[in-house]
Amino acid sequence: MSQDKIAISKIGRAGKLVNAGAKVGANYMKHYTKRLLNKSSKNDLEEDNAKDIYKAFSELKGGPLKVAQMLSMGDQILPKAYINQFSKAQNQVDPLSYPLVRKIIRKAFGQNPESIFDDFSRDAVNAASIGQVHQGKIDGVKYAVKIQYPGVADSLKSDLRLITPVATRLLGFKKQDIAPYLEEVERKLLEETDYNQELRSAEFMIDACKDLQGLVFPTFRKELSSERVITMSWIDGVSLTDWIAGNPSQEARNEIGQYLWDFYQFQIHQLLFIHADPHPGNFIITKDNKLGVIDFGCVKEIPLDFYKSYSKLMLLGKNEIKSQELQFILEELEMLNLSDTQEEKDIIEGIFNKMFRLVGEPFFNDIFDFGNDEYFKSIFEQGESLSKNKEIRGLSARGSRHFIYFNRTYFGLYQLLNKIGAKINTGNAAMVENYSLV
Amino acid sequence: MARKKITFNAEDWAKAYKNYLLQHGDILKEVKTLLHFTERPFVEFRKSFETLEELELTIVAAYFKKALKELEKDESFSSHSPKEQHLAFLYLLIELITEDEIFLTSFYKAKMKDSSFMIKLQKELKHHEISWAEMSGWRPDFVDKLNINPKKSILINHAFTCIVFFLKDKSSEKVDSDAYIEKTTDLLYKLTDTSTINSIVDLGRFMYSRKQTAFS
């Protein structure tokens, strides 16, 4: 595998993205030329564009790669070609050299990895967006040693500024739609670069969730963890993606899906503190069909006010809410502004009424089949019609910043369950109701 | 009161030079100043060095020498690929200069921008054995005839650029220097990879040797 290619200077990093932009331009030219000859489809164009954008993001690592990861989770939002390319962000980037790994460990703990561990893998066994994982062994116990790429934290801010025009132009987002939320994303991404913070979050969550069924958590070695290195026990098993590819039985799918659902419902409704990065790379399936959770870098504390209002929306399909009350909830969630006209209020209300009845559907069924693609298709279609709705386009950007990671968690969870094809017990409406009324 | 050292060796002169620069914020212009600073006679200086520049070259070369010596002690070093060996050398070199960063920053401003000094420094460093700089495979005849090793020169110059980057690096904990080393080493090894040329030459030799039989 080739060595690390992190672009370090702002100009260098900007160059990468400009280069990606230029390539996308070239792809369009190629596409239109081929189209004259009837030899190119839109899929080819999207495939070429996605490859070039992914390549630029991958070489930059850090922020762009994280965004690529987030985008790849939005199966219903992006064209399939983008998803295929960006899904790579979940586990494929070039590794750091072993001498640098040694240096980082030596700097953090005063000794080379060979002196600390009885055995230490020279090559990374896994690569993530902001770090890579090596395997170490002490007294026969295997450990995962996650090492952060150099300069990641310093690069994030400028990366996000660079991503904005790329995302708005190439991926068709409106600038005003994403700009207010970049600050929240930046804050969260910077948090992810502090492994000491990850260790604290992990300890809190593992302790709080220790009685939940079917979950396996790593134990952390504090003395072998620092701001840039984190050491935790190795969980044997296969990645969730590989496990799904192995075509497990429906029973096993349901079991894993249930563990995942219960884990998230507990976090959302009881802890108000969530593991906000539910992508397949963060989960391991053990031999005895348990769900291993291996990354706690991205967590989100949910403010009680936001939680209560959001939960009321989730219950729209169960409880009839008067229009006035719904508008009040939407105001609390900053979806409605005081300056909105009645017509605008009606538009927003109509959208949320429809959308949340659909999204909240799993809660009103004792058993819900997440493998049912029709359900996701209807969410996608609603999203599509919203994005094409001219009335909405005219509205200003709105919504609480907490929506970003909260929605990311919900949609990430739903999509994971869809990929797993799980049919599970989801009758948690009572739980949601209880807590939303606190 | 500490007793005055009987004689100064090369290391003591180097230490004194560094102390002078740190105290006065400028490099020495004359041996006389150093002698005055150390209260040592010229004859003693001449036992270790001919000129002040020779002392300066020794000071910078010492970081390289020390890094090479440390690597010799590292048991795992020989199992590294040449590229990894170069990386290990650079990281160690940077660790060593970190201890003298203030001195080297001032020294760089005054001396390391001077091309004649840098040429002499490179000449001095070429005497040291750098195992991963050995040239393998095909190379032009004149390289062997002139007994030169361009690869070694490139690697030494690369190390200089890493030092300069490190001294100017303002990132937190100088992490950008790590990225710079990774990135430039990767590029360097890709640019100096002669495997394609080797294949071309190999094919050429084959074709030439078979010209009587296969292509007649």
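Just so it is clear: chains get the letters A, B, ... in the order the sequence lines come, proteins before strands, and each one is counted from 1. Atom set for the values below is all heavy atoms of this structure, side chains included, hydrogens, waters and symmetry mates excluded. None of the values given here were measured: they were computed from a predicted structure.
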> OG/B:S76 to CZ/A:F120 distance, rounded to the nearest 0.5 angstrom?
Replying inline: 12.0 Å

> Can you list every pair that meets salt bridge (Lys or Arg N to Asp or Glu O under 4.0 Å) and has a residue in residues 85-108 of chain B, with sequence neighbours left out?
Replying inline: A:R106-B:E95, B:K18-B:D100, B:E101-B:K174

> Looking at B:D178 and A:K107, does any basic side-chain N land under 4.0 Å from a carboxylate oxygen?
Replying inline: no

> Got more than 12 heavy atoms from elsewhere within 6.0 Å of CG, A:D123?
Replying inline: no

>> Distance check, rounded to the nearest 0.5 Å: B:E75 atom CD versus A:N112 atom CG?
In response: 11.5 Å

>> Check this for me: A:E301, atom CD, are more than 12 non-hydrogen atoms of other residues, nucleotides or ligands nearer than 6.0 Å?
In response: no

> Taking only residues two or more places apart in sequence, or in another chain, which ones meet B:E124 in a side-chain contact (heavy atoms from CB on, under 4.5 Å)?
Replying inline: B:A61, B:H128

>> Restricting to non-hydrogen atoms, name the atom on B:H80 and the atom on A:P99 that form the minimum distance, rounded to 0.1 Å.
In response: CD2-CG, 4.5 Å

>> As an exercise, state the distance from NZ of A:K103 to CD1 of B:I94, rounded to the nearest 0.5 Å.
In response: 7.0 Å

> Just wondering, are more than 12 heavy atoms of other shown residues or ligands nearer than 6.0 Å to NZ in B:K170?
Replying inline: no

>> What I'd like to find out is whether the side chain of A:R102 reaches to under 4.5 Å of the side chain of B:L92, using heavy atoms alone.
In response: no

>> Working to the nearest 0.5 angstrom, can you tell me the gap between B:L90 CG and A:L100 CG?
In response: 11.0 Å

> Do B:E182 side-chain atoms and A:L96 backbone N/O form a donor-acceptor pair below 3.5 Å?
Replying inline: no

>> So, taking the atom named CZ in A:R122 and the one named CD in B:E84, what distance separates them when rounded to the nearest 0.5 Å?
In response: 4.0 Å

> Taking all non-hydrogen atoms of both residues, which atom of A:P150 and which atom of B:V175 are closest, and how far apart?
Replying inline: CB-O, 3.5 Å

>> How about CD1 on B:I102, more than 12 heavy atoms from neighbouring residues, nucleotides or ligands closer than 6.0 Å, or not?
In response: no

